[in-house]
Number of protein chains: 2
Amino acid sequence: MINPGNEARARLNRDKVVGSAIALADASGIESLSMRKLGGELGVEAMSLYNHVSNKGDLTDAMIDGVFAEIDLPSGGTDWRTAMRHRAISVRKVLARHPWATGLMESRTTPGPATLRHHDAVLGILREAGFSIVLAAQASSVLDSYIYGFVLQERNLPATSMGSTKLAQVILARLATQDYPHVAEMTVEHVLQPGYDHDAEFEFGIDLILDGLERVCRAT
Amino acid sequence: MINPGNEARARLNRDKVVGSAIALADASGIESLSMRKLGGELGVEAMSLYNHVSNKGDLTDAMIDGVFAEIDLPSGGTDWRTAMRHRAISVRKVLARHPWATGLMESRTTPGPATLRHHDAVLGILREAGFSIVLAAQASSVLDSYIYGFVLQERNLPATSMGSTKLAQVILARLATQDYPHVAEMTVEHVLQPGYDHDAEFEFGIDLILDGLERVCRAT
DNA sequence: ACCTGAACACCGTTCAAGT
DNA sequence: ACCTGAACACCGTTCAAGT
């Protein structure tokens, strides 16, 4: 039988399922991603997805690996410090595009190929720069911990969009000054200020950690 | 009518609901915490919970605040550095007891009173030690990011329980050495070694960050 | 004031049946 | 080889009804 003309949709495959799941989670949040909605998005019944993904946990693992695949692989062309700095900024940028990914890492234990490739490249750069095995482990652990934790916290900060700012200031001043004076001071006089810069805050921490690692590395 | 003798269970209240939810999440994981199971644990139908909690999001917020309430409030008796060091270790210890809490922070935006009290105490110690508003914000941001990210990653590391170690070594040696040589080297020669110490790894990062903060603080 | 039964609109997953 | 309908054992949440 000839394929009818309205059958424009190409055959489903694993990459399309995972890609569509990532897009859906970006748009509507991870908590509203269901096999049924994902099927609907792809013009297919939910049960068809099980031909390409063994269950929802498998899909989740693949989504996280898909996010890692978007991160630029750190290149060994320069010194370890600028390579690690660029990588950190790239990781944060990608994770900010997929805010659900960081929280999901808590429940997943089997890293995919893109994740392993990424970590292998990081360790490779540190080892070639003369870091011992132990020091390379500690360096990548500190850097990754900081990056993931920063992204996790970034979501919970009040958005500095104008409009909500003025209102937030008033509410804060009234409600919180007495009970949480330092939080109130910080929010009003720093976080809600027009010049507040998330990127600069992130890079302050990265440079502080890189300074520390350089010192430890030289002392060895 | 007189209360019958087998009615031993005291009246339900919000604290009992939240406490039971935390215990259930600790024991069986956050993904298997449902209003129905929680009700069953408390000897009550699921719908009764809505008398003490406005919905599941409200319950989640309260659970996270309950976890923060377990953390020792940083005390101002000593210098900021040892206070921050003790606090960091206390936060990690508590979050390790409730591994679901860190991942959940991604989706929550309204901090509870215990959370605010905690952050207020941290900021207070830094401000009294002479940190400017901006520097206090950056200091607590770097420290918290590192702590949360470390706990998040800690879960994904292979358990160093004997027995699984030997097997893991064999699997790794066969499978991964070729594709991910640095990850393989790191795992076999460091992470899976008997002396591997999570606490020491955590404290290495904390001390590195505290060193950096001390230097920045003195330069001001 | 607190608890419940029934109901609604959802979930993930299986399995036999279709093409 | 891939897709589907029907079914199963679950979800969160509402609401009128009970005490």
Side-chain angles (χ1 to χ4, degrees), chain A residues 1-22 24-25 27-64 100 103-104 106-110, chain B residues 1-22 24-25 27-64 100 103-104 106-110:
Chain A
M1 203 240 269
I2 302 165
N3 209 329
N6 59 354
E7 185 65 19
R9 185 175 304 285
R11 187 67 127 281
L12 212 54
N13 61 41
R14 184 174 231 261
D15 282 351
K16 273 185 213 163
V17 170
V18 174
S20 204
I22 291 176
L24 207 57
S28 334
I30 190 73
E31 70 284 348
S32 84
L33 171 69
S34 74
M35 299 301 270
R36 285 164 148 101
K37 275 189 205 143
L38 179 55
E41 205 75 18
L42 291 160
V44 114
E45 298 300 315
M47 310 81 200
S48 306
L49 302 173
Y50 288 86
N51 285 302
H52 307 98
V53 138
S54 58
N55 52 39
K56 206 181 179 185
D58 181 33
L59 174 63
T60 305
D61 284 339
M63 288 169 71
I64 293 180
W100 43 268
L104 235 50
E106 183 258 317
S107 54
R108 307 279 94 208
T109 57
T110 32
Chain B
M1 202 240 268
I2 301 166
N3 208 331
N6 59 355
E7 184 64 19
R9 186 175 304 283
R11 187 67 128 278
L12 212 55
N13 61 39
R14 184 175 233 261
D15 281 352
K16 273 186 215 163
V17 171
V18 174
S20 205
I22 291 176
L24 206 57
S28 333
I30 191 72
E31 70 284 347
S32 84
L33 170 70
S34 75
M35 300 301 270
R36 285 163 148 104
K37 274 188 207 144
L38 180 54
E41 204 76 17
L42 291 160
V44 114
E45 297 300 315
M47 311 82 201
S48 307
L49 301 173
Y50 288 85
N51 284 304
H52 307 97
V53 137
S54 57
N55 51 39
K56 205 183 179 185
D58 180 33
L59 174 62
T60 306
D61 284 339
M63 289 169 71
I64 293 179
W100 43 268
L104 236 48
E106 184 258 316
S107 54
R108 308 278 96 206
T109 57
T110 33

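Convention: sequence-line order gives letters A, B, ...; per-chain numbering from 1. Since we're looking at a predicted model, the values are computed, not measured.
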Review point. So, is B:Lys37 near the phosphate of D:dC11, with a side-chain N or O under 4.0 Å from OP1 or OP2?
Key: yes
Review point. Would you say C:dC3 has OP1 or OP2 under 4.0 Å from some side-chain N or O of B:His52?
Key: yes
Would you indicate what [X] reaches in the nucleic acid, counting non-hydrogen atoms under 4.0 angstrom: base, sugar-phosphate, or nothing?
{"X": "A:Met47", "answer": "base"}
{"X": "B:Ser48", "answer": "base"}
{"X": "B:Leu49", "answer": "nothing"}

Between [atom2] of [N] and [atom1] of [X], the distance in whole Å:
{"X": "A:Leu33", "N": "C:dC11", "atom1": "CG", "atom2": "C1'", "result": "12 Å"}
{"X": "B:Leu42", "N": "C:dT4", "atom1": "CG", "atom2": "C1'", "result": "16 Å"}
{"X": "A:Met35", "N": "D:dC10", "atom1": "CE", "atom2": "P", "result": "19 Å"}
{"X": "B:Arg36", "N": "D:dT13", "atom1": "CZ", "atom2": "C1'", "result": "9 Å"}
{"X": "B:Leu38", "N": "C:dC3", "atom1": "CG", "atom2": "P", "result": "13 Å"}
{"X": "B:Glu45", "N": "D:dC15", "atom1": "CD", "atom2": "C1'", "result": "16 Å"}

Check your understanding: Near DNA chain D, which residues from residues 53-60 of chain A have a heavy atom under 4.0 Å away?
Key -> none
Between [atom1] of [X] and [atom2] of [Y], what distance do you get to the nearest 0.5 Å?
{"X": "A:Leu24", "Y": "A:Ser32", "atom1": "CG", "atom2": "OG", "value": "6.0 Å"}
{"X": "A:Glu45", "Y": "A:Met35", "atom1": "CD", "atom2": "CE", "value": "13.0 Å"}
{"X": "A:Leu33", "Y": "A:Lys56", "atom1": "CG", "atom2": "NZ", "value": "5.0 Å"}
{"X": "A:Lys16", "Y": "A:Glu41", "atom1": "NZ", "atom2": "CD", "value": "14.0 Å"}
{"X": "A:Arg108", "Y": "A:Glu106", "atom1": "CZ", "atom2": "CD", "value": "9.5 Å"}
{"X": "B:Trp100", "Y": "B:Ile64", "atom1": "CH2", "atom2": "CD1", "value": "7.0 Å"}

**Study point:** Polar side-chain atom of A:Arg14 near backbone of A:His52 as donor-acceptor pair, under 3.5 Å
**Key:** yes
Check your understanding: Do any N or O atoms from the side chain of A:Ser107 and from the backbone of A:Leu104 form a donor-acceptor pair under 3.5 angstrom?
Key -> yes
Counting side-chain heavy atoms from C-beta on, which of [options] comes nearest to [X]?
{"X": "B:Leu12", "options": "D:dC3, C:dC3, C:dC11", "value": "C:dC3"}
{"X": "B:Asn51", "options": "C:dG12, C:dC2, D:dC11", "value": "C:dC2"}
{"X": "A:Val44", "options": "C:dG5, C:dC3, D:dT4", "value": "D:dT4"}
{"X": "A:Tyr50", "options": "D:dC3, D:dT4, C:dG12", "value": "C:dG12"}

Exercise for review: Could you go through the side chain to side chain contact (heavy atoms under 4.5 Å, CB included) check for A:Leu59 and A:Leu38 one step at a time?
Suggested key: CA-CA 11 Å; A:Leu59 174 63; A:Leu38 179 55; 3.8 Å; yes
Check your understanding: Counting a pair only when it is Watson-Crick or G-U and both distances are under 3.5 Å, which runs of at least 3 such pairs involve DNA chain C?
Key -> C:4-8 with D:12-16, C:12-16 with D:4-8
Practice item. Go through the structure and list residues passing side chain to side chain donor-acceptor pair (under 3.5 Å) with A:Ser54, not counting sequence neighbours. Key: A:Asp58
